[in-house]
Visitor: 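Below you'll find the structure I mean.
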Amino acid sequence: MKKRALGNQGLTVSELGLGCMGMSEFYSGRDEEEAIATLHHALDLGVTFLDTADMYGPFTNEQLVGKAIKDRREQVILATKFGNVRTEDGGWGGINGRPEYVRQACDASLKRLGVETIDLYYQHRVDPTVPIEETVGEMAELVQQGKVRYLGLSEAAPATIRRAHAVHPISALQTEYSLWSRDPEDEILPTVRELGIGFVPYSPLGRGFLSGAITKPEDLAADDYRRNSPRFQGENFYKNLQLVEQVKAIAQEKGATSSQLALAWLMAQGNDIVPIPGTKRRQYLEENVAATGIVLTADDLERINAVAPKGVTAGDRYSDMSTVNR
């Protein structure tokens with residue numbers, strides 16, 4: 001597994017990361033034993049960049065990751081997030097970027113993870129009621145205290161990124177980016193590249209849609225949160241399925257799966273990009289890791305861009321887009 005740098009402050013990670021959210025919530029079917037085995041196998045394969053958040057579970061995903069890495073901490077670049085407030089019973093409490101909450105959230109995450117330092121600490125969503133300078137200023141204090149090594153933002157707008165970066169260097173921006181979410185190419189990617197910030201695409205497989213495994217709405221369990229996504233509903237679902245079929249056809253010519261082609265395409269967009277596909281099973285982890293060995297030619301990239309141009313996807317990313325890109 002090759003390495004890639006995120007930002008200019010010294011953070012280096014595996015060229016492919018692992019999103020851990022689905023091991024604890026949002027997707028149906030959870031198996032802690034298999035999840036831990038998947039985390040261990042990821043480390044064995046050289047995937048050392050693990051992504052979690054306090055809200056996943058809520059709280060239980062950090063505990064799961066902490067349990068899995070307890071004896072292998074030195075192998076891991078550990079990323080977690082704060083800002084999306086959850087209650088113990090799973091309720092939602094809005095977005096909080098107040099300095100006192102930043103301190104509280106970090107201490108709680110450190111305890112759940114069972115570590116002394118978080119490698120990469122993200123603000124999960126921007127709180128519009130708190131100046132970003134105040135939030136990042138407190139995050140910078142955590143760096144000074146040795147509780148955090150590097151800082152990140154998630155779903156922040158270009159102007160917000162610039163203001164944050166002026167307070168303390170931001171090493172990574174995490175935003176949805178994939179063959180069916182190419183909006184970051186307009187302003188986000190140019191901004192982070194100008195500032196020397198790494199880019200971490202989440203949902204690089206379109207929440208599993210680009211894998212080709214979802215062919216009808218009934219493939220999603222009743223409690224699967226994707227049922228609430230506009231892209232998985234009504235006519236949007238079937239329009240987006242046509243995109244997947246075209247990607248799959250190109251993948252087959254390359255001797256790859258559609259998931260592997262989608263990941264290879266992302267990694268080919270620049271050495272400052274580190275996708276974090278999520279999975280809770282070793283089988284799919286191995287499939288994703290194999291994407292790092294796929295080489296796409298200029299002709300391949302041109303064909304992929306032709307079938308998946310910017311804006312081709314039907315439906316918004318979320319039913320409520322007010323919390324992203326701000």
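The first residue in the sequence is number 1, and the count goes up from there.
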Visitor: State whether the number of non-hydrogen atoms from other residues, nucleotides or ligands found under 6.0 Å of Tyr202 atom OH is greater than 12.
Guide: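 Result for OH/Tyr202: enclosed.
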
Visitor: Below 4.0 angstrom, N of the basic side chain to O of the carboxylate: do Asp44 and Arg72 qualify?
Guide: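 Looking at Asp44 and Arg72, the cut-off is met.
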
Visitor: For Arg30 and Glu25, what are the C-alpha separation, side-chain angles and deciding distance, and is it a salt bridge (charged side-chain N to carboxylate O under 4.0 Å, His left out)?
Guide: CA-CA 8 Å; Arg30 284 170 282 283; Glu25 196 181 11; over 6 Å; no

Visitor: Within this structure, what is the OG1-CG distance for the pair Thr117 and Leu142, rounded to the nearest 0.5 Å?
Guide: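 The CG atom of Leu142 is 11.0 Å from OG1 of Thr117, to the nearest 0.5 Å.
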
Visitor: Looking at side-chain heavy atoms only, is the closest gap between Ile118 and Arg149 below 4.5 Å?
Guide: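 Of all side-chain heavy-atom pairs linking Arg149 with Ile118, none is under 4.5 Å.
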
Visitor: Could you tell me the separation between the CZ atom of Arg162 and the CD1 atom of Ile170, rounded to the nearest 0.5 Å?
Guide: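 That separation rounds to 13.5 Å.
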
Visitor: Can you tell me how far apart CD (Gln104) and CD (Glu138) are? Round to the nearest 0.5 Å.
Guide: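 Reported value, rounded in 0.5 Å steps: 12.0 Å.
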
Visitor: If I take atom CG from residue Asn325 and atom OG1 from residue Thr160, how far apart are they, to the nearest 0.5 angstrom?
Guide: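 Nearest 0.5 Å value for the CG-OG1 distance: 8.0 Å.
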
Visitor: Could you tell me if Asn305 and Trp265 have a donor-acceptor pair between their side chains, going purely by distance under 3.5 Å?
Guide: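 Yes, a side-chain donor-acceptor pair sits under 3.5 Å.
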
Visitor: Does any non-hydrogen side-chain atom of Val126 lie less than 4.5 Å from one of Glu155?
Guide: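 Heavy-atom side-chain distance check fails, nothing below 4.5 Å.
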
Visitor: Is Asp219 paired with Arg226 through a side-chain N to carboxylate O contact shorter than 4.0 Å?
Guide: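 Salt bridge between Arg226 and Asp219, a charged N being under 4.0 Å from a carboxylate O: no.
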
Visitor: If we count only N and O atoms by modelled type, under 3.5 Å, do the side chains of Thr257 and Glu287 hold a donor and an acceptor together?
Guide: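 Glu287 and Thr257 do have a side-chain donor-acceptor pair below 3.5 Å.
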
Visitor: Taking atom CD of Gln75 as the centre, report whether more than 12 heavy atoms of other residues, nucleotides or ligands fall under 6.0 Å from it.
Guide: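 Yes, CD of Gln75 has more than 12 neighbouring heavy atoms, counting only those of other groups under 6.0 Å.
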
Visitor: Between Arg4 (side chain only) and Val274 (backbone N and O only), is there a donor and an acceptor less than 3.5 Å apart?
Guide: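 No; zero donor-acceptor contacts below 3.5 Å.
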
Visitor: Less than 4.0 Å between a side-chain N and a carboxylate O, is that true for Arg193 and Asp272?
Guide: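 Between Arg193 and Asp272 there is a salt bridge, with a charged N closer than 4.0 Å to a carboxylate O.
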
Visitor: Would Asp299 and Thr297 satisfy side-chain hydrogen bond (donor to acceptor under 3.5 Å, both in side chains), going step by step from the backbone distance to the final call?
Guide: CA-CA 5 Å; Asp299 287 342; Thr297 66; 5.1 Å; no

Visitor: Over all heavy atoms of both residues, which pair between Thr191 and Pro158 is shortest? Give the atoms and the distance, please.
Guide: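 Nearest heavy atoms, Thr191 then Pro158: OG1-CB, 3.5 Å.
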
Visitor: Check whether any side-chain heavy atom of Arg326 sits under 4.5 Å from a side-chain heavy atom of Thr323, and report yes or no.
Guide: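 The answer is yes; the side chains approach within 4.5 Å.
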
Visitor: Do Arg125 and Val324 touch side chain to side chain, with heavy atoms closer than 4.5 Å?
Guide: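 When only atoms from C-beta onward are counted, Val324 and Arg125 do touch, with a gap below 4.5 Å.
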
Visitor: Working note: Ser203 + Glu176, criterion side-chain hydrogen bond (donor to acceptor under 3.5 Å, both in side chains); need CA distance, chi angles, decisive distance, verdict.
Guide: CA-CA 6 Å; Ser203 294; Glu176 184 171 354; 4.7 Å; no

Visitor: Would you call Arg103-Glu141 a salt bridge at under 4.0 Å N-O?
Guide: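 Between Glu141 and Arg103 there is no salt bridge, as every charged N stays at least 4.0 Å from the carboxylate O atoms.
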
Visitor: Looking only at side chains, do Asp89 and Thr87 share a donor and an acceptor under 3.5 Å apart?
Guide: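 Yes, because at least one side-chain N or O of Asp89 sits under 3.5 Å from a partner of the opposite role on Thr87.
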
Visitor: Quick check, are the ring centers of Tyr122 and Phe82 under 6.0 angstrom apart?
Guide: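 Here the rings of Phe82 and Tyr122 have centres that are no less than 6.0 Å from each other.
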
Visitor: Can you tell me how far apart CD1 (Ile161) and CD1 (Ile188) are? Round to the nearest 0.5 Å.
Guide: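 Here the rounded value is 4.5 Å.
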
Visitor: Under 3.5 Å, is there a donor-acceptor pair between the side chain of Asn240 and the main chain of Asn236?
Guide: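 Looks like yes, one N/O pair under 3.5 Å.
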
Visitor: Do Val148 and Leu151 have side chains that approach each other closer than 4.5 Å (heavy atoms only, starting at C-beta)?
Guide: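 Val148 vs Leu151: side chains touch.
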
Visitor: Looking at every non-hydrogen atom in both residues, tell me the closest pair between Gln123 and Gly97 and how far apart they are.
Guide: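 Nearest heavy atoms, Gln123 then Gly97: NE2-CA, 4.2 Å.
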
Visitor: Once rounded to the nearest 0.5 Å, what's the spacing between atom CD of Glu62 and atom NZ of Lys81?
Guide: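 The distance works out to 9.0 Å.
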
Visitor: With heavy-atom distances below 4.5 Å as the criterion, would you say the side chains of His165 and Leu153 are in contact?
Guide: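 Heavy-atom side-chain distance check fails, nothing below 4.5 Å.
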
Visitor: Go through the structure and list residues passing salt bridge (Lys or Arg N to Asp or Glu O under 4.0 Å) with Lys239, not counting sequence neighbours.
Guide: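 By the salt bridge (Lys or Arg N to Asp or Glu O under 4.0 Å) rule, Lys239 matches no residue at all.
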
Visitor: Might you point out which heavy atoms bring Thr215 and Leu241 nearest each other, and give the distance in Å?
Guide: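 Looking at all heavy atoms of both residues, the closest pair is O-CD2, 3.4 Å.
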
Visitor: Side chains of Arg231 and Ser181: do they bring a donor and an acceptor to under 3.5 Å?
Guide: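 A pair is found: one side chain offers a donor N or O, the other an acceptor, under 3.5 Å apart.
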
Visitor: Under the rule for salt bridge (Lys or Arg N to Asp or Glu O under 4.0 Å), what residues qualify as partners of Arg281, not counting sequence neighbours?
Guide: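 For Arg281 there are no salt bridge (Lys or Arg N to Asp or Glu O under 4.0 Å) partners, ignoring immediate neighbours.
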
Visitor: So does Glu15 pair up with Lys3, basic N to acidic O under 4.0 Å?
Guide: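 Answer for the salt bridge query: no.
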
Visitor: Are Leu64 and Ile36 packed together at the side-chain level, in the sense that at least one heavy-atom pair is separated by less than 4.5 angstrom?
Guide: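 A side-chain contact under 4.5 Å exists here.
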
Visitor: Answer yes or no: does atom CD of Glu116 have more than 12 heavy-atom neighbours from other residues, nucleotides or ligands under 6.0 Å?
Guide: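 Not more than 12 within 6.0 Å, no.
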
Visitor: So which atom in Pro309 and which in Arg182 form the shortest heavy-atom distance, rounded to 0.1 Å?
Guide: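 Shortest heavy-atom contact: CA-NH1, 3.9 Å.
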
Visitor: Are there over 12 heavy-atom neighbours, none belonging to Glu302, within less than 6.0 Å of that residue's CD?
Guide: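 Open.
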
Visitor: Looking at residues at least two apart in the chain, or sitting in another chain, which of them share a ring pair (Phe, Tyr, Trp, His ring centres under 6.0 Å) with Phe199?
Guide: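 Counting only residues at least two positions away or on another chain, Phe199 forms a ring pair (Phe, Tyr, Trp, His ring centres under 6.0 Å) with Tyr177.
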
Visitor: Checking ring pair (Phe, Tyr, Trp, His ring centres under 6.0 Å) for the pair Tyr150/Tyr121: CA distance, chi angles, key distance, verdict?
Guide: CA-CA 6 Å; Tyr150 301 98; Tyr121 200 41; over 10 Å; no

Visitor: So, are Lys280 and Glu34 salt-bridged, with charged N and O less than 4.0 Å apart?
Guide: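 No.
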
Visitor: Linking I/L/V/M/F/W/Y whenever their side-chain heavy atoms sit closer than 4.5 Å, directly or via other members, would Leu266 and Val312 fall into one cluster?
Guide: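 Same cluster: Leu266 reaches Val312 through Ile, Leu, Val, Met, Phe, Trp or Tyr contacts under 4.5 Å.
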
Visitor: So, does Thr48 use its side chain to make a donor-acceptor pair with the main chain of Ile77 at under 3.5 Å?
Guide: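 Judged by distance alone, no pair lies under 3.5 Å.
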
Visitor: Taking the side chain as everything from C-beta on, heavy atoms only, tell me whether Cys20 gets closer than 4.5 Å to Asp51.
Guide: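 Answer no - side chains too far apart.
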
Visitor: Would you find more than 12 non-hydrogen atoms of other residues, nucleotides or ligands less than 6.0 Å from Lys70 atom NZ?
Guide: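 Atom NZ in Lys70 is not crowded, with 12 or fewer foreign heavy atoms closer than 6.0 Å.
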
Visitor: Is the number of heavy atoms from other residues, nucleotides or ligands within 6.0 Å of NZ (Lys254) greater than 12?
Guide: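 Yes, NZ of Lys254 has more than 12 neighbouring heavy atoms, counting only those of other groups under 6.0 Å.
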
Visitor: What pair of heavy atoms forms the shortest contact from Ser178 to Pro204, and how long is it?
Guide: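 Reported closest heavy-atom pair: CB-O, 3.2 Å.
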
Visitor: So which heavy atom on Ala172 is nearest to which on Leu6, and how close?
Guide: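 Looking at all heavy atoms of both residues, the closest pair is CB-CD1, 4.3 Å.
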
Visitor: Could you name each residue pair satisfying ring-ring contact (aromatic ring centres under 6.0 Å, His included) that touches residues 40-66, not counting sequence neighbours?
Guide: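 Every ring-ring contact (aromatic ring centres under 6.0 Å, His included) pair that includes a residue of residues 40-66, provided the two are not neighbours, is Tyr56-His124.
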
Visitor: Salt-bridge test for Arg303 and Glu253: reply yes if a basic N is under 4.0 Å from a carboxylate O, no otherwise.
Guide: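 So Arg303 pairs with Glu253 through a salt bridge.
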
Visitor: Distance-only, no hydrogens or angles: does the Ser109 side chain make a donor-acceptor pair with backbone N or O of Cys106 under 3.5 Å?
Guide: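 Side chain of Ser109 to backbone of Cys106, a donor-acceptor pair under 3.5 Å: no, none is there.
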
Visitor: Only one of Val47, Asn288, Leu43, Thr52 forms a side chain to side chain contact (heavy atoms under 4.5 Å, CB included) with Leu18, so which one is it?
Guide: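 Option passing the side chain to side chain contact (heavy atoms under 4.5 Å, CB included) with Leu18: Val47.
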
Visitor: Who are the side-chain hydrogen bond (donor to acceptor under 3.5 Å, both in side chains) partners of Tyr225, not counting sequence neighbours?
Guide: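 If we apply the side-chain hydrogen bond (donor to acceptor under 3.5 Å, both in side chains) test to Tyr225, skipping adjacent residues, the hits are Arg207.
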
Visitor: Step through the shown structure and confirm whether more than 12 heavy atoms of other residues, nucleotides or ligands are within 6.0 Å of CD on Glu218.
Guide: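 Atom CD in Glu218 is crowded, with more than 12 foreign heavy atoms closer than 6.0 Å.
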
Visitor: Under the rule for salt bridge (Lys or Arg N to Asp or Glu O under 4.0 Å), what residues qualify as partners of Lys2, not counting sequence neighbours?
Guide: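 Applying salt bridge (Lys or Arg N to Asp or Glu O under 4.0 Å) to Lys2 gives none.
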
Visitor: Could you tell me whether the side chain of Ser258 and the main chain of Ser211 form a donor-acceptor pair under 3.5 Å?
Guide: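 Side chain of Ser258 to backbone of Ser211: a pair is present.
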
